[in-house]
Amino acid sequence: MIRNERHGDNAGKDDEAASPSMSRRRAMACLAWAGAGILWTLDGGVPQGVPLGGASAQAAPSITGNALSFVQISDSHIGFNKTPNPDPAATLQSAIERIRGAARRPAFMLHTGDVSHLSRAEEFDTAQQIVNGAGLETRYVPGEHDVIGDDGRAFFSRFAADTRGRGWYSFDQQGVHFVALVNVLNLKAGGMGYLGDTQLAWLADDLSARSHSTPLVVFTHMPLWPVYPAWGWGTDDGDRALALLRPFGSVTVLNGHVHQVLQKVEGNVRLHTAMSTAFPQAAPGNGSGPGPWKVEASQLRQTLGIRRVEFASLDGTPRLDDATLVS
Amino acid sequence: MTSPRLPPHAVRRRVLLGSLALTAVSMLTFRWPVRASAAQANTVQIENFKFSPAALTVKAGTRVTWTNRDDEPHTVTSSSTPRAFASGALDTGRSFAFTFDTPGTYPYFCALHPHMTGVVVVK
């Protein structure tokens, strides 16, 4: 079941009106985050309950210690210059300023692809300078717009230089294992995204060294699950990757490409698409095809956004907070 | 547009001769589409993430031109290995042309949006 969530000022209000129990649940969740309950944190992969005792949310960093928090941005499309956003560099800048100005500083940032619109060096330059303004280490995977014509060589040399030109890699952060997958190369006619045998063999080997209790975060550009194949929104061999991920107790897959928040939960595997910082796209099947959704200029920033991810729960499943550029 | 090997009047004469074997009614329904497609036989529009027409039949020696009408870049990339042709990224309003000298079937796709496919059949 795909759930389309447009987060913003109205997020959750419909739920509250429709269901008192939902309202209570939201209230309980808010209590935990406002500092009047117990905040579960994941420290070195081990969940810990921390009594907050009325501490303010602003005091949370000193309480949570090593709780992992990071940010995802996606689809900055630097070089795009048409309706509805003639200046995606400006909206990327706004996103970065929000990240830089947050009360709680994230540990690092992920960019899930389509950094550029046409793979041009000047587009990569502009994006890199703006993103670096956050003052955070940033990990990248390419989108199909980043690998036009050169199989990603320019992208990888700049954003994934230590991957020997293949683009996929993994790293560990505070007990969470992060895996970057590339599904925008060697695309097949009539298909969607593609990982390929070599990358899947690498993934199997990489995961074989991990305990199934290790929380996983996989990030890639195109969704691993078939969000809407008629528009190419999926990955042909994504099921093979998901089969390798399912044995793990907490799996979070983060991607971009569809420029809106969509979610799917399969057992322990949670798949989340993210908003763009450049332009929105229509909901699956709503319209003649994918591509820039021409909203009014006054509405644009309500359709763009960033995502914050916090590992602060008992079972190692992160909390995701998708915020628009006006929320 | 017509093949360089056949002037326009020759194409029309051939269509008329072929139609003589048909009844009057079927001749009408047959002739109009042929005349319409003959005028656009060597152009493909890329619009709403589709190649239009998706299937194109031309005579050997025909130069086919694709034009991107979308706000997104697309490519025209041969599906064969090695590739018979590859446009690279076509930004909005840009065109790519390729002359098909050899009869055969030439499937192609957009390397950015691979669900977009088309085929050129060269007689």
Side-chain angles (χ1 to χ4, degrees), chain A residues 75 77 79-86 88 113-114 116-120 123 142-152 183-194 221-222 226-236 257-259 278-279 281-282 287-294, chain B residues 44-58 64 66-98 100 102 104-122:
Chain A
D75 297 86
H77 282 271
F80 181 81
N81 57 10
K82 303 177 183 70
T83 306
N85 187 358
D114 284 354
S116 70
H117 196 59
L118 288 163
S119 295
R120 291 175 178 155
E123 297 171 353
E144 75 280 7
H145 287 257
D146 299 319
V147 299
I148 300 173
D150 70 346
D151 288 333
N183 57 3
V184 295
L185 290 174
N186 302 312
L187 304 183
K188 313 299 182 195
M192 303 185 283
Y194 182 69
H221 180 64
M222 293 185 178
V227 170
Y228 197 68
W231 287 0
W233 288 357
T235 299
D236 289 330
H257 190 57
V258 302
H259 297 212
F279 57 82
Q281 295 193 109
S288 56
W293 180 21
K294 300 182 188 306
Chain B
V44 178
Q45 303 298 325
I46 308 174
E47 199 162 15
N48 291 328
F49 286 67
K50 291 185 179 68
F51 296 107
S52 181
L56 183 67
T57 300
V58 298
V64 176
W66 289 261
T67 302
N68 180 15
R69 305 292 184 194
D70 271 345
D71 284 346
E72 279 268 305
H74 295 294
T75 79
V76 177
T77 305
S78 162
S79 306
S80 63
T81 305
R83 304 208 187 286
F85 50 91
S87 69
L90 300 174
D91 206 353
T92 306
R94 300 292 295 274
S95 293
F96 167 73
F98 184 79
F100 290 87
T102 308
T105 299
Y106 296 86
Y108 65 90
F109 69 116
C110 169
L112 288 167
H113 312 99
H115 68 287
M116 297 169 56
T117 59
V119 63
V120 177
V121 177
V122 182

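A, B, ... follow the sequence lines: proteins, then strands. Residue 1 opens every chain.
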Heavy-atom cut-off 4.5 Å, strictly under: side chain, backbone, both or neither for B/A111 against chain A?
backbone
Quick check on A/L187 against chain B: is it the side chain, the backbone, both or neither that has a heavy atom closer than 4.5 Å?
both
Using only the distance criterion (under 3.5 Å, no hydrogens considered), which donor-acceptor pairs connect chain B with chain A?
from: B/N48; atom 1: OD1; to: A/S288; atom 2: OG; distance (Å): 3.2
from: B/D71; atom 1: OD2; to: A/K294; atom 2: NZ; distance (Å): 2.3
from: B/E72; atom 1: OE1; to: A/H145; atom 2: NE2; distance (Å): 3.2
from: B/T92; atom 1: OG1; to: A/K82; atom 2: NZ; distance (Å): 3.3
from: B/P114; atom 1: O; to: A/G190; atom 2: N; distance (Å): 2.6
from: B/H115; atom 1: N; to: A/G191; atom 2: O; distance (Å): 3.2

